Protein chains: 2
Amino acid sequence: MTETDRRGVCSNAAMKPTIYDIARESGVSIATVSNVLNNTGRMGPETRRKVLRAVNALGYQRSSIATALAGKKSWSIGALLPDVNNPYFSEIVRGAEDEAFSRGYSVLVCNTDHDVERERAYLRTLRHKQMDGIVIATGTTPADQIAELLTAGIHVILLAREIEGAQVPIVMVDNYQGGYLAARFLLELGHRNLGFIGEPLTLRSARDRLGGFAAAIEEAGAALQVVGEGGFGIEAGARLAAGLLAHHRVTAIFTGNDQLAVGALQWCLEAGFQVPHDISLMSFDDTVFSRIVRPSLTCVAQPIYDLGRQTLGMLIGAIEAGEQPARRVVLAPELMIRDSTGPPPDGTASNDLKSGGDSNE
Amino acid sequence: MTETDRRGVCSNAAMKPTIYDIARESGVSIATVSNVLNNTGRMGPETRRKVLRAVNALGYQRSSIATALAGKKSWSIGALLPDVNNPYFSEIVRGAEDEAFSRGYSVLVCNTDHDVERERAYLRTLRHKQMDGIVIATGTTPADQIAELLTAGIHVILLAREIEGAQVPIVMVDNYQGGYLAARFLLELGHRNLGFIGEPLTLRSARDRLGGFAAAIEEAGAALQVVGEGGFGIEAGARLAAGLLAHHRVTAIFTGNDQLAVGALQWCLEAGFQVPHDISLMSFDDTVFSRIVRPSLTCVAQPIYDLGRQTLGMLIGAIEAGEQPARRVVLAPELMIRDSTGPPPDGTASNDLKSGGDSNE
DNA sequence: TTGAAAGCGTTACCAT
DNA sequence: ATGGTAACGCTTTCAA
């Protein structure tokens with residue numbers, strides 16, 4: 001019994017042709033078929049033609065599943081995100097997806113909804129599905145879970161959010177510097193009493209943004225009056241702004257992301273504050289949100305699409321080179337000045353950057 | 001040589017344990033291990049315990065790849081979308097993903113960027129990867145490509161956008177009705193000269209929205225003065241609005257989606273039109289965009305998240321029932337009245353819906 | 001209740 | 001240059 005007999009003829013319409021079928025059809029062995037299909041080894045041009053003809057004739061479609069089993073590569077990459085509906089992440093997905101597509105990979109999008117349990121479940125699935133690599137943009141994965149991934153031979157890369165203790169490359173923006181830039185800009189406009197609204201400070205990125213912001217303020221001798229934190233979305237932004245303005249007199253607020261800024265902006269407007277006349281609002285991200293609200297948001301801009309694109313580029317590079325490049329790419333944030341910021345209301349800008357002692361209102 | 005010998009002991013740290021390892025460890029056969037793992041067949045509670053213990057001891061992780069090869073199921077679903085960065089689709093992805101996750105499936109997000117070539121490439125990949133099902137939300141896939149998918153035994157379902165000639169279920173909103181509602185609303189406000197800006201009319205959904213809109217206008221004896229079409233994004237919205245208002249006196253514009261509406265709104269505001277005082281703007285979708293711009297957008301609302309969720313529910317149902325339910329779910333759109341619409345400016349609303357002569361406001 | 005063995009569709013190594 | 005065949009890790013009869 002020759003190897004070719006191990007399976008019946010592919011006559012059944014529902015049964016997709018395999019390399020056995022095209023081997024039989026073209027009168028060569030499956031090994032040769034495989035070689036032709038993958039351009040591996042050497043083969044006569046005539047053989048090659050025969051095989052290709054059979055492939056077309058039978059409408060052969062390779063099974064990536066079988067390839068992955070035998071060849072150890074799934075050509076798939078998993079992406080762990082907190083929320084695809086957040087324009088920041090949906091833009092990241094676009095960048096990631098474009099790069100992956102152009103290099104032959106597909107991406108499995110995993111929305112964790114900020115839920116670590118769900119994240120853990122996904123990580124397990126991704127391991128089972130033998131992803132060639134995993135992008136983690138949640139910032140909440142326990143380091144030991146990442147280590148397990150590495151042990152399992154899966155390449156991992158972090159995106160935007162650092163994770164302490166994780167020995168993997170990362171592509172991100174300099175959050176501290178971003179916060180610093182924001183504060184400098186507001187201080188130069190004359191603001192002395194500032195507030196901050198941010199994502200949960202359990203996230204390193206949130207802490208860094210606040211850290212840079214606070215540092216610049218302290219340097220200038222101005223006051224970081226109040227810090228609100230703990231949310232991500234528009235609702236949270238409104239809630240935090242309300243809480244912040246209820247007890248504090250600030251002339252400018254820096255928010256940790258665009259969604260929070262939008263919420264804060266809406267609340268301010270509804271509460272009767274003029275932006276930027278009564279209060280300046282400054283955001284972080286530069287998603288489409290910051291461009292479409294009115295007033296448009298001055299913000300610390302990240303190259304979002306590129307972040308996604310570069311991350312995938314590095315990850316795929318690692319996968320194909322077969323090793324983990326312990327690199328760390330930190331992109332510089334940029335100031336994007338729009339309409340939500342301006343000088344503080346009259347009477348509050350009475351101090352210069354140095355002296356610090358103020359007596360506003 | 002027994003079957004158990006076919007592979008060496010899993011001593012190598014980098015080598016992940018397989019069912020052979022746990023079979024050896026627990027002193028049973030791989031068949032039994034498989035049964036325990038899948039809860040198939042009957043087994044003694046003691047055997048079961050032994051196996052489970054070994055699973056834990058060795059840190060066994062099933063290979064979905066092998067399962068898919070042998071079991072004919074990949075537990076993966078592909079989703080073809082024109083643009084994940086469009087909030088409409090990113091919300092759909094959330095709904096789809098939530099349902100898929102809760103039922104044990106993962107979703108491969110394929111961004112076609114409105115490019116049919118890219119779409120075709122993705123479809124091929126999805127077939128190779130043996131997706132259990134595919135969701136198509138682009139509305140641009142040639143019907144014969146869909147037929148091929150079906151032939152290959154892959155379940156297909158359309159989402160939001162119909163495709164003529166495709167014999168597959170669909171979950172969508174009644175676009176014609178939506179357009180009709182929009183027109184009725186604007187007409188009742190007193191508008192007699194209306195304009196339309198929409199996605200390319202090659203899309204059935206765009207044609208239907210326009211169709212319903214035009215029909216209601218005609219019924220009322222008012223004028224659909226001008227139709228602009230051909231784009232999807234914010235930029236296109238601005239461009240189309242500019243083109244439309246350059247030569248036509250309309251008091252209200254209906255846009256085919258929220259992105260277009262945002263663009264149109266921006267352009268109007270920048271051109272000095274007051275919205276809704278000088279011109280009313282009405283949109284379609286009810287994405288987050290319509291809630292955050294100012295004025296907020298009155299629109300025909302779709303239950304976006306549910307659209308995604310229900311689609312996946314039906315698809316998975318079909319996959320698990322093993323047959324294609326030729327269903328068609330058409331959800332009703334709803335009017336969501338916000339701030340971008342109002343009565344036409346004085347002097348233009350001089351006709352009532354029926355006779356043509358009234359003096360409202 | 002449990003086990004042996006035959007696939008599933010590839011790849012890769014080793015002969016020829 | 002080509003072909004035979006053993007993996008890859010699992011599911012699934014069919015026997016025992």
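The chains referred to below are lettered A, B, ... by the order of the sequence lines, with proteins before strands, and numbering in each begins at 1. Small disclaimer: the values here were computed from a predicted structure and weren't measured.
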Short side-chain N/O contact from [X] to OP1 or OP2 of [N], under 4.0 Å:
X	N	answer
Thr32(A)	dG3(D)	yes
Tyr20(A)	dG4(D)	no
Arg62(B)	dT11(D)	yes
Ser63(A)	dT10(C)	no
Asn35(B)	dT11(D)	no
Ser29(A)	dT2(D)	no

### Message
With nearest nucleotide decided by heavy atoms, which residue, Ala31(A) or Glu46(B), maps closer to the 5′ end of DNA chain C?
### Response
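It is Glu46(B), whose closest nucleotide lies nearer the 5' terminus.
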### Query
Hey, which of these two, Thr47(B) or Thr40(A), hits DNA chain C nearer its 5' end, going by closest nucleotide?
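Mapping each residue to its closest nucleotide by heavy atoms, the 5'-most match is Thr47(B).
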[X] [atom1] to [N] [atom2], straight-line distance once rounded to whole Å:
X	N	atom1	atom2	result
Ile30(B)	dC8(D)	CD1	P	13 Å
Arg127(B)	dG9(C)	CZ	P	16 Å
Lys73(A)	dA12(C)	NZ	P	11 Å
Ile65(A)	dC8(C)	CD1	P	16 Å
Arg24(B)	dC10(D)	CZ	P	13 Å
Asn39(A)	dA1(D)	CG	C1'	14 Å
Arg49(A)	dT2(D)	CZ	P	12 Å
Gln130(A)	dT10(C)	CD	P	17 Å

### Query
Any cation-pi pair here, Arg118(A) with Phe101(B), using under 6.0 Å and within 45°?
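Because its charged atom sits under 6.0 Å from the ring centre and within 45° of the axis, Arg118(A) does stack over Phe101(B).
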### Query
What nucleic acid atoms does Ser34(B) come within less than 4.0 Å of, heavy atoms only: base, sugar-phosphate, or nothing?
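Contact class for Ser34(B): base.
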### Task
Return the nearest nucleotide to the side chain of Arg42(B); candidates are dT11(C), dT1(C), dG9(C).
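Side chain of Arg42(B) sits closest to dT1(C).
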### Task
Ignoring the backbone of Ile19(A), work out which of dT10(C), dG3(C), dG9(C) is nearest its side chain.
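Nearest nucleotide to the side chain: dT10(C).
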### Task
Determine, for Glu46(B) against Lys50(B), whether the closest basic-nitrogen to carboxylate-oxygen distance falls under 4.0 angstrom.
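No.
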### Query
Using 4.0 Å as the upper bound for N to carboxylate O, is an ion pair formed by Glu25(A) and Arg53(A)?
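Answer for the salt bridge query: no.
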### Task
Could you check Asp21(B), Val33(B), Leu37(B) and say which one makes a side chain to side chain contact (heavy atoms under 4.5 Å, CB included) with Tyr60(B)?
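Output: one option passes, namely Leu37(B).
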### Message
Determine whether Glu117(B) and Arg120(B) satisfy the following criterion, salt bridge (charged side-chain N to carboxylate O under 4.0 Å, His left out), listing intermediate values before the conclusion.
### Response
CA-CA 5 Å; Glu117(B) 261 321 299; Arg120(B) 213 165 58 86; 3.3 Å; yes
